[in-house]
Amino acid sequence: MTDPVLSVRNLNIDYIGADKNFSAVKDVSFDIASGEFFGLAGESGCGKSTIAFAISRLHRPPALIRKGSEIIVGGRDVLQLNDKELKSFRWREVAMVFQSAMNSLNPVLTIADQFYDVLKTHTKVTRAEARERAAELLKLVDISPDRLDAYPHQCSGGMRQRIVIAICLSLNPKLLIMDEPTTALDVVVQREILQRIDVLRTRLGFSVLFITHDLGLMVQVSDRIGIMLNGEMVECNDSQTIYNSPQHDYTKKLWASMPKLHGEQIRPEASA
Ligand code: ADP
Ligand code: MG
């Protein structure tokens, strides 16, 4: 792959315990190309979030990344960045939508102020400029600028989730990480949000690392998929291969454990 946006090499992450250490991520390597929608799938507890936090450099003790691991973004090893470099790395290069992100908005700030908060720490903006940029970003996720003066509790779950995504896009990151971003939402809203992300990815050119335990949803939106089992990436292939001719026994087992896909595909062109 030429010039990947992200290269993860030999990533090993342990959780340090009083008696013994637990190896949560075992020698994981993968690349994400520019503009690619990459899925990370696997059952709960297999290490997906641990990887996402490490890429964003948001991991905290007891998580310990072993020496020899590399996470390359924009030619630099994220694991070697100092505090100043990290500040410009976050939001600008990699932004992360957390699991249950819709509850991560500050309840006492209006939507406009949540945007201002992020924009002012990373760029020189006035409140008026931030408001204008926020209105543009909200439009990207199909939300009327009327909502700028609303508080989070006045917005539905799906709308709050889209607002978080819009905030994550505010500094034009190269990579958007979404860790189970829609798990708490109903199926129709999930699809709408993922469809929207897909359109924006094409228009704005960012790459996506999408994490879910729902492989059925994942094959519909991803270009390539990595399958995790107990901290290891056991298979990494394009979505069609994962769906039509899975190589690893565990991938086959995952399919056997879930109902077959029905209905319209989100990206019909990908199934050709
Ligand atoms: P996933 O996101 O795939 O559900 P996680 O990355 O959250 O999995 O967790 C991977 C493994 O690491 C799990 O077995 C989990 O119990 C363990 N783990 C996660 N966080 C901690 C922690 N703070 N301390 C100890 N073990 C942890
Ligand atoms: Mg998780």
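Here the structure is a predicted model, which is why all the values come from computation and not from measurement. Remember, it's 1-based here, ligands and their atoms both numbered in the order they're listed.
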Exercise for the section: Tally every protein N/O/S atom whose distance to the Mg ion (ligand 2) is less than 2.8 Å; waters are neither shown nor counted. Expected result: 1
Give the residue and atom name of whichever protein heavy atom lies nearest to [atom], and the separation in Å to one decimal.
{"atom": "atom 8 (O) of ligand 1", "answer": "Gly47 N, 3.2 Å"}
{"atom": "atom 9 (O) of ligand 1", "answer": "Thr50 OG1, 3.7 Å"}
{"atom": "atom 10 (C) of ligand 1", "answer": "Gly45 O, 3.4 Å"}
{"atom": "atom 23 (N) of ligand 1", "answer": "Tyr15 CE2, 3.7 Å"}
{"atom": "atom 7 (O) of ligand 1", "answer": "Ser49 CB, 3.8 Å"}

Side chains of residues 225-233: which donor-acceptor pairs under 3.5 Å do they make with residues two or more places apart or in other chains?
none

Exercise for the section: Establish whether atom 16 (O) of ligand 1 and some protein heavy atom are separated by less than 4.0 angstrom. Expected result: no
Handout entry: Residue pairs involving residues 135-192 (criterion ring-ring contact (aromatic ring centres under 6.0 Å, His included); sequence neighbours excluded)
Key = none
Fill in the blank from the handout: If we number the atoms of ligand 1 from 1 as shown, the ones under 4.0 Å from a heavy atom of Ser44 are 4 (O)
Exercise for the section: Identify, by atom number and element, the atoms of ligand 1 in contact range of Ala24, meaning under 4.0 Å from any of its heavy atoms. Expected result: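 Checking each atom against Ala24, I get 12 (O).
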Exercise for the section: Compute the shortest N/O to N/O distance between Cys46 and ligand 1 and return yes if it is under 3.5 Å, no if not. Expected result: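 Between Cys46 and ligand 1 (N or O atoms, distance only) the closest approach is under 3.5 Å.
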Exercise for the section: Please say whether Pro62 places an N or O atom under 3.5 Å from an N or O atom belonging to ligand 1. Expected result: no
Handout entry: Phe98: partners by ring-ring contact (aromatic ring centres under 6.0 Å, His included), with sequence neighbours left out
Key =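 Per chain and number, Phe98 pairs via ring-ring contact (aromatic ring centres under 6.0 Å, His included) with Phe53.
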Practice task
Report, as yes or no, whether the 6.0 Å neighbourhood of atom CD on Gln154 holds more than 12 heavy atoms from other residues, nucleotides or ligands.
Solution key: yes
Handout entry: Within 6.0 angstrom of Lys253 NZ, more than 12 heavy atoms from elsewhere
Key =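 12 or below, so no.
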Carboxylate-amine/guanidinium proximity below 4.0 Å for [X] and [Y]:
{"X": "Asp179", "Y": "Lys48", "result": "no"}
{"X": "Asp142", "Y": "Arg162", "result": "no"}
{"X": "Arg76", "Y": "Glu93", "result": "yes"}

Handout entry: Identified side chain to side chain contact (heavy atoms under 4.5 Å, CB included) partner of Ser69 from the options Asp77, Ile13, Asn12
Key = Asn12
Practice task
Determine whether the aromatic ring centres of Phe38 and Phe30 lie less than 6.0 Å apart.
Solution key: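 Close enough - the centres of the two rings lie under 6.0 Å apart.
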Practice task
Please work out which of the three classes, parallel, tilted or perpendicular, describes the rings of Trp255 and Tyr243, given edges at 30° and 60°.
Solution key: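 If you compare the ring of Tyr243 with that of Trp255, the planes turn out perpendicular.
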